[in-house]
Number of protein chains: 2
Amino acid sequence: MRELGSSQPTAVELEILRILWEMEPCPVRDIHARLSEAKGTNYSTTVKMLSVMLNKGLVTRNEQATPHLYRAAITRHKAAKKFLGELVEKVYDGSVMSLVLQALSSGKVSKDEIDEVRKLLDEMEGKQ
Amino acid sequence: MRELGSSQPTAVELEILRILWEMEPCPVRDIHARLSEAKGTNYSTTVKMLSVMLNKGLVTRNEQATPHLYRAAITRHKAAKKFLGELVEKVYDGSVMSLVLQALSSGKVSKDEIDEVRKLLDEMEGKQ
DNA sequence: CGAGTATAGCGAAAGGCTTCGCTACTGCAA
DNA sequence: TTGCAGTAGCGAAGCCTTTCGCTATACTCG
């Protein structure tokens with residue numbers, strides 16, 4: 001088994017993680033139900049992907065239970081942080097701010113949310 | 001040739017795009033110089049990658065010039081927007097704000113930058 | 001002109017991700 | 001006990017990305 005977190009989850013892996021974050025712990029059948037709904041893939045495929053992910057340390061499972069129950073090995077928060085870091089690094093050349101500005105200017109943000117950001121900014125400034 | 005933007009740039013493709021964004025238009029040799037510095041790959045590899053990217057519509061080139069001069073077919077801004085949109089969609093379930101809050105709370109942001117965000121927030125509020 | 005160097009391109013190999021077919025095991029019901 | 005349905009696993013195929021060797025073409029300088 002590779003070291004945990006040594007690699008970013010791939011596309012399908014991420015889909016599975018998202019399902020787990022929402023309904024873990026859960027058996028293959030449930031994961032497959034959601035996955036096949038979106039992609040129409042075979043049950044074997046889901047089982048295999050989970051075995052691959054288990055191998056990579058992206059998920060864990062309880063083998064005592066029948067059927068086995070799967071869980072994500074990284075929290076949504078941690079995964080998000082990794083993705084974000086990579087995005088900032090690779091596309092925004094390490095500037096968190098460039099990304100924030102672009103994200104904000106994409107619109108779709110409510111007044112309450114704007115206030116929330118202000119509050120965060122105030123806190124940050126206080127600590128500097 | 002596939003339709004422009006039909007697929008996200010892959011890892012190496014993104015590296016090449018970043019080089020182009022910085023120094024376009026430029027010949028293969030220059031791109032290769034930068035790429036091999038980071039990865040130690042062969043000149044042929046760079047040529048091939050560019051031909052693949054040309055095929056995908058990720059880059060354009062001026063064949064009149066000798067050697068041919070390459071340019072990125074998408075701006076850094078557009079690529080960033082696409083990546084960001086995907087990240088928000090896939091990891092933050094569509095909430096731009098979750099992403100912004102997480103990005104900001106990762107630290108590494110100067111006072112000037114904080115002020116810059118405030119200004120943007122004010123503008124946004126004015127328009128609502 | 002002719003040799004040597006720079007440029008361009010192609011096809012195939014290597015490796016990773018995703019998919020599935022086939023097999024095996026388990027547990028329950030007739 | 002036998003058969004069926006649900007569960008688990010493996011190996012290989014197919015596809016895409018990345019890599020390079022080999023070949024061909026163009027250009028430069030002596």
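So that the names make sense, note that chain A is the first sequence line, chain B the second, and so on, each numbered from 1. Side chains are part of it too, since the values below use all heavy atoms of this structure and drop only hydrogens, waters and symmetry mates.
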Handout entry: Euclidean distance, atom CG of residue Leu17(A) to atom P of dC17(C) [Å, nearest integer]
Key = 14 Å

Problem - Donor-acceptor pair under 3.5 Å, Lys48(B) side chain vs dG11(C) base - result: yes

Problem - Closest to side chain of Tyr70(B), choosing from dG9(C), dT18(C), dT19(D) - result: dG9(C)

Exercise for the section: Tell me which nucleotide among dA8(C), dT18(D), dA8(D) gets nearest to the side chain of His68(A). Expected result: dA8(D)

Practice task
Answer yes or no: is there a side-chain heavy-atom contact under 4.5 Å between Glu113(A) and Val117(A)?
Solution key: no

Exercise for the section: Taking atom CD of Gln64(A) as the centre, report whether more than 12 heavy atoms of other residues, nucleotides or ligands fall under 6.0 Å from it. Expected result: no

Handout entry: Distance test, side-chain N/O of Thr10(B) to OP1/OP2 of dC16(D), below 4.0 Å
Key = no

Practice task
Using the side chain to side chain contact (heavy atoms under 4.5 Å, CB included) rule, take Leu99(B) and Val100(A) through it: C-alpha gap first, then chi angles, then the decisive distance, then the call.
Solution key: CA-CA 8 Å; Leu99(B) 176 138; Val100(A) 168; over 6 Å; no

Practice task
Summarise protein proximity over nucleotides 24-30 of chain D in one line of letters, 5' to 3': B for base, S for sugar-phosphate only, - for none, counting protein heavy atoms closer than 4.0 Å.
Solution key: -------

Fill in the blank from the handout: d(Glu15(A) CD, Lys39(A) NZ) to nearest 0.5 Å is 5.0 Å

Problem - Value in whole Å for how far the C1' atom of dT17(D) lies from CG of Leu58(B) - result: 13 Å

Handout entry: Rounded interatomic separation in angstrom, taking CE from Met53(A) and C1' from dG9(D)
Key = 17 Å

Completion exercise
Whole-Å distance, Leu50(B) CG to dC10(C) C1', equals 15 Å

Problem - Derivation and outcome, side chain to side chain contact (heavy atoms under 4.5 Å, CB included), residues Tyr92(A) and Leu101(A) - result: CA-CA 11 Å; Tyr92(A) 294 89; Leu101(A) 290 175; over 6 Å; no

Handout entry: Atom-pair distance (CD on Gln64(A); C1' on dT26(C)), nearest Å
Key = 15 Å

Exercise for the section: Can you tell me the distance, in whole Å, between the CD atom of Glu13(B) and the P atom of dC16(D)? Expected result: 13 Å

Exercise for the section: Measure the distance from CE on Met49(B) to C1' on dG9(C) and round it to the nearest whole Å. Expected result: 15 Å

Fill in the blank from the handout: Contact check, residues 33-45 of chain B vs DNA chain D, heavy-atom distance under 4.0 Å, returns Lys39(B), Thr41(B), Asn42(B), Ser44(B), Thr45(B)

Handout entry: Below 4.0 Å: OP1/OP2 of dT17(D) and any side-chain N or O of Lys56(B)
Key = yes

Practice task
Check step by step if side chain to side chain contact (heavy atoms under 4.5 Å, CB included) holds for Tyr43(A) and Arg29(A).
Solution key: CA-CA 8 Å; Tyr43(A) 181 80; Arg29(A) 187 136 303 273; 3.4 Å; yes

Exercise for the section: Establish, with yes or no, whether the OP1 or OP2 oxygen of dA8(C) is under 4.0 angstrom from a side-chain nitrogen or oxygen of Arg29(B). Expected result: no

Practice task
Would you mind reading off the distance between Asn55(B) atom CG and dT18(D) atom C1', rounded to a whole angstrom?
Solution key: 15 Å

Exercise for the section: May I ask you to test the Leu104(B)-Met97(A) pair for a side-chain heavy-atom distance under 4.5 Å? Expected result: yes

Exercise for the section: Give, for atom CG of Leu58(A) and atom CG of Leu20(A), the distance between the pair rounded to the nearest 0.5 Å. Expected result: 10.5 Å

Handout entry: Distance in Å, Phe83(A) CZ paired with Leu14(A) CG, rounded so as to fall on 0.5 Å steps
Key = 4.5 Å

